[in-house]
Amino acid sequence: MNKVALVTGASGGIGAAVALELAGLGFDIGVHYYSSREKAEAVAEDIEALGRNAVLLQADLADSAACAEIVEKCVQELGPIYVLVNNAGITRDTLLMRMEDDDFTSVIEANLNACFYMTRAVVPLLLKAKAGRIINIASVVGITGNAGQANYAASKAGIIGLSKSVAKEVAKRGITVNVVAPGYIVTPMTEVLSDAVKKEISDKIPLKRLGQPEDVAGMVGFLTSEKAAYITGQVLAVDGGMVI
Ligand code: NAP
């Protein structure tokens, strides 16, 4: 197995932690980013400090051709991909009554379409290798729904359906596809909330704390390991017990 992983949104909170976790497990990393080049460069430096190789991959993942291009570049620079982590994602929260067409479609495109484009671009490589792991980052709100997040919850529920279907298509070649569903994780995506709201949320979480990016990264690392070889088509919540 060629230890190469492509992590989308590796310039963000969870993606950066996932990229470093996988580098620590011996993977060379395709570090995808969209607009935060400096953050992506810092992540690549940290990966190299761990003795692994990193290649920067810039793309708007809502663009199908751009997805195919970064997969090709990653393979050229690092060799065949073994792990794909579809992590990039956005929110545009508002109540349904106020939700504009673009609020809905932009979130579906950046979250769900991107997951489809990236998965379709990588699957032929995994089929050829008869090995590989795809890990898609959804959210517990894709299971429960959430007021003010009809667009986001729909995109994450879509990722779950996509993942389960692809898991069934590729299982006979030894490839697994799983979903990690984080609860509330402290990252730039969530730091817009006030301390009072954060306290209210953590009080409702059975484990009584907000999640850290490393909590999610640990699960992703496990899913890439030999110990997870018999797990596919599953949705694994990393949420401190928010959804039990
Ligand atoms: P974040 O820090 O805001 O990072 C988001 C990442 O997505 C960034 O790397 C960003 O790239 C990238 N991105 C945004 N739009 C893009 C586009 N059109 N094309 C390509 N890349 C794009 O968010 P995070 O909290 O780490 O979230 C990571 C994933 O976990 C997301 O899928 C999110 O839905 C999911 N999640 C997060 C939480 C949470 O509480 N934080 C909970 C459940 C699920 P640039 O910065 O380079 O533009």
Side-chain angles (χ1 to χ4, degrees), residues 6-21 29-44 56-71 84-93 102 105-119 121 135-146 149 151-160 162-163 179-193 197-198 201-202 204-205 209-217 219-220 235-240 242-243:
L6 194 167
V7 181
T8 71
S11 50
I14 293 173
V18 167
L20 291 179
E21 172 76 18
I29 312 286
V31 177
H32 161 267
Y33 69 101
Y34 176 37
S35 58
S36 307
R37 186 172 177 96
E38 280 179 19
K39 286 189 191 161
E41 282 172 350
V43 171
L56 291 179
L57 305 166
Q58 193 283 329
D60 175 358
L61 301 180
D63 175 349
S64 151
C67 291
E69 277 166 26
I70 62 164
V71 169
L84 169 65
V85 184
N86 282 307
N87 162 78
I90 59 168
T91 51
R92 267 172 79 168
D93 298 354
D102 188 55
T105 53
S106 61
V107 171
I108 297 291
E109 284 170 5
N111 297 0
L112 179 57
N113 291 16
C115 183
F116 162 63
Y117 298 144
M118 287 300 298
T119 302
I135 297 146
N136 296 327
I137 309 298
S139 165
V140 289
V141 309
I143 303 165
T144 61
N146 196 25
Q149 291 197 307
N151 49 1
Y152 182 76
S155 75
K156 297 301 189 180
I159 286 175
I160 293 171
L162 168 70
S163 305
V179 176
V180 175
Y184 185 105
I185 310 297
V186 179
T187 73
M189 182 179 270
T190 47
E191 79 189 4
V192 286
L193 299 179
V197 173
K198 286 181 191 163
I201 294 169
S202 68
K204 284 191 194 137
I205 296 172
R209 68 169 176 90
L210 305 178
Q212 294 298 323
E214 291 71 23
D215 292 316
V216 180
M219 174 61 86
V220 175
V235 181
L236 300 136
V238 179
D239 68 349
M242 252 172 101
V243 178

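Hydrogens, waters and symmetry mates play no part in the numbers below; they use all other heavy atoms, side chains included. Counting convention: from 1, in listed order, for ligands and their atoms alike.
Looking at atom 10 (C) of ligand 1, its nearest protein heavy atom turns out to be Ser11 OG, 4.1 Å. Protein heavy atom nearest atom 23 (O) of ligand 1, with residue, atom name and distance: Met189 CB, 3.5 Å. For atom 26 (O) of ligand 1, the nearest non-hydrogen atom of the protein is Ile14 N, 2.8 Å. Of the protein's non-hydrogen atoms, Asn87 O, 3.0 Å is the one closest to atom 29 (C) of ligand 1. Closest to atom 48 (O) of ligand 1 among all protein heavy atoms lies Ser35 OG, 2.6 Å. Distance from atom 18 (N) of ligand 1 to its nearest protein heavy atom, with residue and atom name: Asp60 OD1, 3.1 Å. Regarding atom 17 (C) of ligand 1, its nearest protein heavy-atom neighbour is Tyr34 CD2, 3.6 Å. For atom 19 (N) of ligand 1, the closest non-hydrogen atom of the protein is Leu61 N, 3.0 Å.
At least one heavy atom of Lys156 lies less than 4.0 angstrom from ligand 1. Within the 4.0 Å heavy-atom shell around ligand 1 one finds His32. Residue contacts with ligand 1 include Ala59, since one or more of its heavy atoms lies under 4.0 Å from the ligand. Note on ligand 1: Ala138 sits in its first shell, one or more heavy atoms being nearer than 4.0 Å. By the 4.0 Å heavy-atom criterion, Gly183 is counted among the residues contacting ligand 1.
Of the N or O atoms in Tyr184, none lie within a sub-3.5 Å distance of an N or O in ligand 1. Of the polar atoms of Ile185, at least one N or O is found under 3.5 Å from an N or O of ligand 1, judged by distance alone. For ligand 1, the polar-atom distance check finds an N/O of Gly9 within less than 3.5 Å of one of the ligand's N/O atoms. In terms of N/O distances under 3.5 Å, ligand 1 is not approached by Ala62. The shortest N/O to N/O separation between Gly15 and ligand 1 does not fall below 3.5 Å.
Take Tyr33 and apply the side-chain hydrogen bond (donor to acceptor under 3.5 Å, both in side chains) test, not counting sequence neighbours, and it matches Arg37.
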Using distance only, find each side-chain donor-acceptor pair of residues 107-114 under 3.5 Å and give its atom names and separation, not counting sequence neighbours.
residue: Asn111; atom: OD1; partner: Ile90; partner atom: N; Å: 2.9
residue: Asn111; atom: ND2; partner: Ile90; partner atom: O; Å: 3.1
residue: Asn111; atom: ND2; partner: Ser155; partner atom: OG; Å: 3.1

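Remark: ligand 1 atoms within the under-4.0 Å shell around heavy atoms of Tyr152 are 33 (C), 34 (O), 35 (C), 36 (N), 43 (C), 44 (C). The contact set between ligand 1 and Ile90, taken as ligand atoms under 4.0 Å from a residue heavy atom, comprises 14 (C), 15 (N). Close approach of ligand 1 to Tyr33 (heavy-atom distance below 4.0 Å) involves ligand atoms 47 (O). Distances below 4.0 Å separate heavy atoms of Gly13 from the following atoms of ligand 1: 2 (O), 26 (O).
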Q) Would Val7 and Val220 count as a side-chain contact (heavy atoms from CB on, under 4.5 Å) if you check the C-alpha gap in whole Å, the side-chain angles of each, and the deciding distance to 0.1 Å? A) CA-CA 11 Å; Val7 181; Val220 175; over 6 Å; no
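Between Leu162 and Phe116 there is a side-chain heavy-atom pair separated by less than 4.5 Å. Contact of the Leu6 side chain with the Met118 side chain is registered, since non-hydrogen atoms from C-beta on lie closer than 4.5 Å. When side chains are defined from C-beta on, Ile205 does not count as touching Asp239, because their heavy atoms never get closer than 4.5 Å. For the pair Pro213 and Ile185, the minimum side-chain heavy-atom distance is below 4.5 Å. At a threshold of 4.5 Å between non-hydrogen side-chain atoms, the residues Val85 and Val180 do not count as touching. Using a 4.5 Å heavy-atom cutoff, the side chains of Ile29 and Val43 are not in contact.
Here atom 7 (O) of ligand 1 lies nearest to Gly89 when heavy atoms of Ser155, Gly89, Gly12, Ala17 are compared. Evaluated by nearest non-hydrogen atom to atom 12 (C) of ligand 1, the leading choice among Ser36, Ala16, Pro213, Ala88 is Ala88.
Once rounded to the nearest 0.5 Å, the distance linking OG1 of Thr8 with CG of Leu84 reads 7.0 Å. To the nearest 0.5 angstrom, Met189 atom CE is 5.0 Å from Thr91 atom OG1. Rounded to the nearest 0.5 Å, atoms OG (Ser139) and CD1 (Ile159) are 9.5 Å apart.
A donor-acceptor pair is defined here as one N or O able to donate and one able to accept, closer than 3.5 Å; such a pair exists between the side chain of Asn151 and the backbone of Arg92.
Between Tyr117 and Leu61 the shortest heavy-atom distance is CD1-O, 3.4 Å.
Under 4.0 Å from ligand 1, the heavy atoms of Thr190 that appear belong solely to its side chain. With a heavy-atom cut-off of 4.0 Å, Thr187 touches ligand 1 through its side chain alone.
Surrounding NZ of Lys39 are at most 12 heavy atoms belonging to other residues, nucleotides or ligands under 6.0 Å away.
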